[in-house]
Peer 1: 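Please find one structure pasted underneath; my questions will follow.
Given the structure is predicted, the values throughout are model-derived calculations rather than measurements. Counting convention: from 1, in listed order, for ligands and their atoms alike.
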Amino acid sequence: MRKPVIAGNWKLFKKSSEAVDLVMGLAPLVKATAGVEIIVAPVFTVLTTVKQALAGSNIMLAAQDCFWEEEGAFTGEISPGMLADAGCSHVIIGHSERRQYFGETDATVNRKIKAALTAELSVLFCIGETLAERESEKTFEILRTQVTDGLAGLTKEQLGNIIVAYEPVWAIGTGKTATDEQAQEAHTFIRRLVAELFDHPTADAIRILYGGSVKPENIKGLMAQTDIDGALVGGASLKADSFAALVNFGK
Ligand code: PEP
């Protein structure tokens with residue numbers, strides 16, 4: 001049995017008082033929810049503030065990115081150990097916005113994943129094809145490269161601390177969700193690929209989240225798919241009631 005994960009990526013939103021308001025609103029709405037891992041990923045500057053606000057709740061804290069070095073002359077970067085020190089249990093790596101705007105590649109994603117695992121963070125590892133890649137029927141080729149190169153050199157044991165997030169770029173922030181069937185097809189492909197690269201027990205155990213315009217209106221259909229184990233959510237995670245409705249998808 002794979003425990004579902006609902007993770008909120010707040011992107012470049014929420015200053016400290018707004019962030020605290022959001023988690024204070026969210027915590028009571030999800031406190032009775034067992035059997036779902038709940039994660040929020042605020043900006044770096046509010047991580048410790050949000051951590052304090054989350055005390056006693058069932059919500060975990062993630063950062064949205066990290067560097068691969070632990071310390072040194074790397075102005076503007078933040079290391080996995082520093083994120084753990086700030087109270088993070090998870091970190092998002094390889095989000096398509098980082099790939100698109102900040103030059104993230106499968107090779108840098110791989111270095112960051114290894115560094116994060118060394119710092120004992122769990123990783124939300126993001127992959128997904130662009131619209132042009134889907135339309136030119138390159139989706140599975142792209143996913144194969146992203147998974148193979150992103151997870152290169154990891155052990156089966158380390159895969160236990162990886163959560164994959166399949167996020168078709170054309171569905172992120174566009175209001176255009178993949179159909180349940182399109183999402184399931186991609187998730188099945190990713191799970192089979194993990195079996196090929198690692199082994200069947202590892203593939204059966206790994207959680208694969210869907211991301212891309214997930215909303216309370218479409219979560220049930222997605223979660224009914226056998227290979228969809230949760231969601232990585234942008235827009236709908238910025239309000240307590242909509243994020244709580246996603247966390248409580250099974251109720
Ligand atoms: C995301 O940021 O990972 C995301 C899926 O955003 P949205 O839910 O807004 O499409």
Peer 1: Quick one: look up the protein heavy atom nearest atom 8 (O) of ligand 1 and list residue, atom name and how far away it is.
Peer 2: Gly234 N, 2.8 Å
Peer 1: Side-chain donor-acceptor pair under 3.5 Å between Ser96 and Gln100, yes or no?
Peer 2: no
Peer 1: Any N/O of Gly173 closer than 3.5 Å to an N/O of ligand 1?
Peer 2: yes
Peer 1: Indicate yes or no: does Arg99 engage Glu167 in a salt bridge with an N to O separation below 4.0 Å.
Peer 2: no
Peer 1: Using a 4.0 Å heavy-atom threshold (strictly under), name the region of Ala171 that reaches ligand 1: side chain, backbone, both or neither.
Peer 2: backbone
Peer 1: Looking only at protein heavy atoms, which one is nearest to atom 9 (O) of ligand 1, and what is the separation?
Peer 2: Gly235 N, 2.8 Å
Peer 1: Flag Leu232 as yes when one of its N or O atoms lies below 3.5 Å from any N or O atom of ligand 1, and as no otherwise.
Peer 2: no
Peer 1: Got a donor-acceptor contact below 3.5 angstrom from the Arg207 side chain to the Lys3 backbone?
Peer 2: yes
Peer 1: Kindly confirm or rule out an N or O of Val233 lying under 3.5 angstrom from an N or O of ligand 1.
Peer 2: no
Peer 1: Any idea which atoms of ligand 1 are less than 4.0 Å away from a heavy-atom of Gly212?
Peer 2: 5 (C), 10 (O)
Peer 1: Is it true that Glu141 and Thr145 share a donor-acceptor pair across their side chains at a distance under 3.5 Å?
Peer 2: no
Peer 1: Heavy atom of Ala236 under 4.0 Å from ligand 1?
Peer 2: no
Peer 1: State, without any angle test, whether Ser79 and Glu71 hold a side-chain donor-acceptor pair at a distance under 3.5 Å.
Peer 2: no
Peer 1: Consider every N or O of Glu97 and every N or O of ligand 1, then say whether any pair is closer than 3.5 Å.
Peer 2: no
Peer 1: Taking distance alone, with N or O pairs closer than 3.5 Å, would you say Thr174 contacts ligand 1?
Peer 2: no
Peer 1: With respect to Leu193, which candidate in Val147, Leu143, Leu151 satisfies the side-chain contact (heavy atoms from CB on, under 4.5 Å) definition?
Peer 2: Val147
Peer 1: Could you tell me whether the side chains of Asp227 and Gln184 share a donor-acceptor contact shorter than 3.5 Å?
Peer 2: yes
Peer 1: Which atoms from ligand 1 have a heavy atom of Asn9 less than 4.0 Å away?
Peer 2: 1 (C), 2 (O), 3 (O)
